[in-house]
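Only one structure is covered here, and it is reproduced in the block below.
Throughout, a chain's letter reflects where its sequence line sits, starting with A, and its residues are numbered from 1.
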2 protein chains.
Amino acid sequence: MKLSTKGRYAVTAMMDIALHEKVGPVTLADISQCQGISLSYLEQLFSKLRKNGLVKGVRGPGGGYRLAKPASDISVADIIDSVDEKLDLTKCGGKGNCNQGKKCITHQLWFDLTCDLHRYLGGIKLDQYVNRPQISELVKKQDVQYGRFLNRRTAA
Amino acid sequence: MKLSTKGRYAVTAMMDIALHEKVGPVTLADISQCQGISLSYLEQLFSKLRKNGLVKGVRGPGGGYRLAKPASDISVADIIDSVDEKLDLTKCGGKGNCNQGKKCITHQLWFDLTCDLHRYLGGIKLDQYVNRPQISELVKKQDVQYGRFLNRRTAA
DNA sequence: TAATTCCTGACTAAATTACTCAGGAATTTA
DNA sequence: TAAATTCCTGAGTAATTTAGTCAGGAATTA
C-alpha cells in the first residue's frame, strides 16, 4: 500500500502555503525549488486544488497561492481526495459488486478500512502541523537557505 | 491512496484458504476460478507468501495450499507486507532524508500515519473474518456454485 | 509595456502493475 | 511404474499509471 507522490506533493505544498500564511501568497516557483517538486507538475496539482476550493490563485508580481479557507478547516483527507482521486481501498469503489455482481469475501474488510482511514485523515487539519515548533523551525531554516520573502512587506 | 490488486488478491486468497481450513488444502486453480484471479499471477503471489512463512504448499493430487500457522496468528499486515513490498507512506522509507538529506516538512505526518496503519492492519487477524456468519455464508454459496470439494473426504 | 505569476491542455518518458507462457519437480493414485 | 495433479520458478510482455515536459495564453502589478 503506497501513497503516490501526487498526494504527498499536494500535502507538502499545502503545508508550505499554510506555514507562510502570514507572509503572503506563495509562488509555485518557490515551492518547486524548496520542496524539490517539478513546477509544471505542481501547476497540474494546484489546478485541482483550486477547483476543489482549497486554494486561491493571485496573479501578477507578488502573487502566488493562498489558502481559500482557514488552515483549521483543511484536512489531509481533503487534499488527497482533491488530487489523488478517491481514497478507496475496495476493488469495486464501494459498490459491492466486486465478484460477479456480489460482494467479494474481503469487501467488508476493505470497506471498513477505507472508512477508518478517511476518518483518521479527515481529523488531521493543516493548522495542527503549522503550530508545531519542530515544523516551523524546519521551515524557517529552509526559508533562509533559499532566501525566500526577502523583499516582501508582511501582508495584513 | 490505493491498494494494489497484489495486496487485495493475496488477502482474498488467504481468506479463502482460511475459510476452508477444515476441508483441506485449497488449490490455486480453485481460488483462481472462484475469486476471479489469474492463476499464474496467484502463483507468483504464493511464492512470496510461502517464503514469508504464511502458507505451506502440498503437491500432488488432493494437494493445494494450507496455512502455515493458525489463522489467529496471521494478520492482514503480514499478508500485505509479504506481497506488496513494504507498507510505507513516507517518501524516504522512514529514513528521514526526504528533502536534501533532511526531513521534509511532512515527514512526521506520513511517518505517524504509517505506524497507525501498521498497528491497525496488524490487529486484524484472519480468524476474525472466518468466524463471521455473513462471510461463511457467502463462501458456502460460492462453493456450491462452483462445485468445490465434492469428492473430498473431510481432513482430520 | 514589461515582468511576473497563474492557468490550461496536449504530449511523453519511465515505472509499475497485472498478466502470460513454458517448463520442471514432487506427490498421489491407479 | 505411469499418468495425473498440483506446486514451483523464471523470463517475458501488454496495459496502465505516474510523473513530468512543453508551449503558450490570461491576469495583474509596477
In whole angstroms, the gap separating C1' of D:dT9 from NZ of B:Lys48 amounts to 13 Å
Nearest whole Å is fine: how far is D:dG20 P from A:Ile37 CD1? 9 Å
For the side chain of A:Tyr9, starting at C-beta, report the closest nucleotide among C:dA25, D:dG20, D:dT17. D:dG20
Give a yes/no on whether any side-chain N or O of B:Thr5 is located under 4.0 angstrom from OP1 or OP2 of C:dA18. yes
Rounded to whole angstrom units, what separation is found between the CZ atom of A:Phe149 and the C1' atom of C:dT4? 15 Å
What is the distance, to the nearest angstrom, from the CZ atom on A:Arg59 to the P atom on C:dC7? 5 Å
Rounded to the Å, how far apart are A:Lys91 NZ and C:dT17 C1'? 14 Å
Do A:Lys6 and A:Leu45 come close enough that some side-chain heavy atom pair is under 4.5 Å? yes
Any side-chain N or O of A:Arg50 under 4.0 Å from OP1/OP2 of C:dC7? yes
Look at all strands and tell whether A:Phe46 reaches a base, only sugar-phosphate, or nothing, counting heavy atoms closer than 4.0 Å. nothing
Is the shortest heavy-atom distance from the side chain of A:Lys69 to the side chain of A:Leu54 under 4.5 Å? yes
5'-most contact on DNA chain D (nearest-nucleotide basis), A:Gly60 vs B:Lys51, goes to B:Lys51
For B:Lys56 and C:dT27, what is the distance between atoms NZ and C1' respectively, to the nearest whole Å? 16 Å
For DNA chain C, the dot-bracket pattern of Watson-Crick and G-U pairs whose distances stay under 3.5 Å, | for other-strand partners: ||||||||||||||||||||||||||||||
Proximity to the side chain of B:Tyr65 - top-ranked nucleotide from C:dT20, D:dC7, D:dT18: D:dC7
Here the distance between atom P of D:dT16 and atom NZ of B:Lys6, to the nearest Å, is 17 Å
So does A:Ser4 get a side-chain nitrogen or oxygen closer than 4.0 Å to the phosphate oxygens (OP1/OP2) of D:dT17? no
Does atom NZ (B:Lys125) have a neighbourhood of more than 12 heavy atoms from anything else shown, all under 6.0 Å? yes
Interatomic distance where CG belongs to A:Leu28 and P belongs to C:dT8 [whole Å]: 12 Å
Do A:Asp81 and A:His118 have side-chain N/O donor and acceptor atoms under 3.5 Å apart? yes
Is there a side-chain contact between A:Tyr41 and the phosphate of D:dT18, meaning an N or O under 4.0 Å from OP1 or OP2? no
Considering heavy-atom distances to DNA chain D, does B:Gly64 or A:Gln44 have its closest nucleotide positioned more toward the 5' end? B:Gly64
side-chain N/O A:Lys2 vs D:dT17 OP1/OP2, d < 4.0 Å: no
Side-chain N or O of A:Thr27 less than 4.0 angstrom from OP1 or OP2 on C:dT5? no
Among residues at least two apart in sequence or on other chains, which ones pass side chain to side chain donor-acceptor pair (under 3.5 Å) with A:Ser75? A:Asp78
Do any side-chain nitrogens or oxygens of A:Ser47 fall under 4.0 Å of OP1 or OP2 in C:dC7? no
Which one, C:dT5, C:dT27, D:dG20, comes nearest to the side chain of B:Pro61? C:dT27
Please collect all side chain to side chain donor-acceptor pair (under 3.5 Å) contacts where either partner lies in residues 7-20 of chain B, sequence neighbours excluded, each pair once. A:Thr106-B:Thr12, B:Asp16-B:His20, B:Asp16-B:Gln35, B:Asp16-B:Arg148, B:His20-B:Asp143
Answer yes or no: does atom OH of B:Tyr41 have more than 12 heavy-atom neighbours from other residues, nucleotides or ligands under 6.0 Å? yes
Quick one: is the NZ or CZ of A:Arg50 closer than 6.0 Å to the six-membered ring centre of A:Phe46, and within 45° of its axis? no
